[in-house]
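Structure first, then comments.
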Amino acid sequence: MSDYDEFQEQDFTAQFNGKVMLRILEQVKPYWHWVVGFVVMIAGTSIMDSYFTYLSKRIIDEGIAVGNVPHLLQLLTMYGGMALLQAITVFVFIYLAGVLGERVQYDMRRKAFNHLQELSFSYFDRTPVGWIMSRVTSDSERIAQLVTWGIVDSTWAVLNIITSMVFMAIINWKLALVVAVILPVMGVITFYFKKRILTEYRQMRKLNSIITGAYNENISGVRVVKALVREKQNLNEFGEKTSNMYRAAYRVAWLSALFLPLVQLVGALGIGAIIWYGGFQVRIAGLTIGGIQAFLSYLTFMMWPLQDLARVYAEMQHSVASAERVFSLIDSKPDVVDRESAADPGNIRGSITFEDVSFHYEAGKAVLEHFNLHIAPGEHIAIVGPTGGGKSTIVNLLCRFYEPTGGRVLIDGKDYTGLTQHGIQSNIGMVLQTPHLFSGTLRENIRYGRLDATDTEVEEAARIARAHDFISEMEHGYEEQVGEGGVLLSVGQKQLISLARAVLADPDVLIMDEATSSVDTLTEARIQQGMAAVMAGRTSVVIAHRLSTIKSADRILVIQNGHIVEVGTHRELIQQHGAYYDLYTRQFRQALEQQYGVYQAVSAA
């Protein structure tokens, strides 16, 4: 079961009241001069479109019908000149709209990405990656489409309708009134479909997030899928998700398909009314053949703008549904926020105190309760214990990825909520159990620890972390590509690069979160050498799975159910014959059984 089966995103059910649209339009505020430019060009194009029909009437009535060749040539020349001018205005507004769309899309993605950097870890714990990716990519693109081509099409449509009505009134105001009656009917139809289309589009965007998340999980976990032969089950689960998306899309398509024919039907009735009433006007009011032909052209010409408005309106519902989700991301508040008076601590001496700290990820499920711990500057602390005991929570609180729900954490004697997050975290280095490398070279990944580091400093950090030897053996040395997520390197090599990155950052406090649990014995020894060099002279906290790696720790804490049950050196804890002794001897026995095949032999028997 994926995270999406349990993740409940916010439902958006409010009626469309223009507030979201106003916020969408705010995205083009920095580029208002571009908007003015292409709106002026569209207005010119629209006016010329309508005038072409009026000019056709004049060509028929003033040129062809009366046989006035010189005047006919004059009108045709005017027609050609206007066609050339219209070609220029069309080019300009398409160019301006295209550039504007890319700028708006860039701004929204940058705003969303920058805001993601400010959010707390808890947001990423509860929000699937696919949901976030869908907001930053497809939803941002749809908003950009609305504020560019949506404005283009709707402006063109509205101006065409207005100019057509003006020219029809010039030709015959009574027939123009007949056409004017049709427009409110269009409005009623639009209002009826508005709510239903918006609801279905919201559902589509929600289902799109689920499908994007499923893609992300299956691609990133393809090795596990293949290893466990989960292809058929995943296909069935994915098929169910896409079927839900299909049904929602089908309902949207059905509503949209019904919307446009109704508009066309009303328009056809209007054409019939004009032909019937226009016949009387020809006999009574002297309406010319060119005039009635122009009326029919104008009404037919108005059908396309009305259909465009209907299409833009449907797309607007889709964009509003997308905007609600993008803005929900941008409006998300981080759980950990600096106070206005927060100060940068500068360098940290490394004195850390947990004072009666309690913490829970979910209400009613405490991970730590009344936890107390003091770490002296330069002290090397190791934390061991069963899974779920609270080891990683202690580290997360120390780094201020989360804040205590009770008690307080002190750094150098100061409550760390009075210090800036950047000031704290920039002085803490972390080497995780599963190191993450970015696409690029080995040198770029090590330099990620300090971007202004020289090549010499990068290579020196690699030597200290014991990574230089394997890097030198590579074909391109420090310029070797690591692949996405470091896929071209072994786990041990990635861990050494992660360690070199921490060395280069030169943190005041170093945290090792089970840094050797996933590597072989030889690589573990190399990492241990690098760790010893990095931890020398600085406060360090090591979460250990392999207990043989922490014998030299100044203090070892045994954590169970959020409490310290034992504390002491390796020798002292072994002599106590308590929880640490049981953990150590059990792990040591398992290692020997595996080494000499005793476990396998017993299992076979």
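The residues of the chain are indexed from 1 along the displayed sequence.
Contact detail for G423 and S426: the closest heavy-atom pair is O-OG, 3.3 Å. In terms of heavy-atom proximity, A144 sits nearest to G101 at CB-O, 3.5 Å. L159 and A43 get closest at one heavy-atom pair: CD1-CA, 3.4 Å. Contact record, D338 with A342: CB-CB, 4.1 Å, taken as the closest heavy-atom pair. Residue A112 comes nearest to V136 through the heavy atom pair CB-CG2, 4.1 Å, listed as atom of the first residue, atom of the second, then distance. When every heavy atom of A323 is checked against every heavy atom of I24, the shortest pair comes out as CB-CD1, 3.5 Å.
Evaluation of the ring pair (Phe, Tyr, Trp, His ring centres under 6.0 Å) rule for F401 yields F121 as partners, not counting sequence neighbours. The salt bridge (charged side-chain N to carboxylate O under 4.0 Å, His left out) check on R450 picks up D452, E457, with sequence neighbours excluded.
Separation of atoms CD (Q481) and CG (L489) is listed at 10.5 Å; rounding is to 0.5 Å. In this structure, D49 CG and I42 CD1 are separated by 11.5 Å, a value rounded to the nearest 0.5 Å. Rounded to the nearest 0.5 angstrom, M474 CE and T441 OG1 are separated by 12.0 Å. Between Y478 atom OH and D455 atom CG the span is 10.0 Å, to the nearest 0.5 Å. Here the CD1-CE distance, from I143 to M108, works out to 4.0 Å after rounding to the nearest 0.5 Å. Distance check: L119 CG to H115 NE2 gives 4.0 Å after rounding to the nearest 0.5 Å.
Using a distance-only test at 3.5 Å, with no hydrogens or angles considered, no donor-acceptor pair links the side chain of S498 to the main chain of K494. Side-chain N or O atoms of E480 include one that pairs as donor or acceptor with a backbone N or O of H476 at under 3.5 Å. A distance-only check finds a donor-acceptor pair linking the side chain of R501 to the backbone of N445 [under 3.5 Å]. When atom types are taken as modelled, the side chain of Q117 and the backbone of F113 share a donor-acceptor pair closer than 3.5 angstrom. For the pair Q86 (side chain) and T45 (backbone), a donor-acceptor distance under 3.5 Å is present.
Shown here is E479, whose CD atom has more than 12 heavy atoms of other residues, nucleotides or ligands within 6.0 Å. By the 6.0 Å contact criterion, CZ on F438 is enclosed, its count of non-hydrogen atoms from other residues, nucleotides or ligands being greater than 12.
Looking only at side-chain heavy atoms (C-beta outward), Q27 and D107 stay at 4.5 Å or farther from each other. At a threshold of 4.5 Å between non-hydrogen side-chain atoms, the residues V40 and T89 do not count as touching. Counting only heavy atoms from C-beta outward, the side chains of P435 and I497 never approach each other to under 4.5 Å. The shortest distance between side-chain heavy atoms of L329 and D139 does not fall below 4.5 Å. Under the 4.5 Å side-chain criterion, counting only non-hydrogen atoms from C-beta, V326 is not in contact with R23. A heavy-atom distance below 4.5 Å is not found between the side chains of Q425 and T420.
Among I162, I161, T155, the one residue that satisfies the side-chain contact (heavy atoms from CB on, under 4.5 Å) test with V158 is I162.
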Can you give the donor-acceptor pairs under 3.5 Å from side chains of residues 75-82 to other protein atoms, not counting sequence neighbours?
from, atom 1, to, atom 2, distance (Å)
T77, OG1, L73, O, 2.8

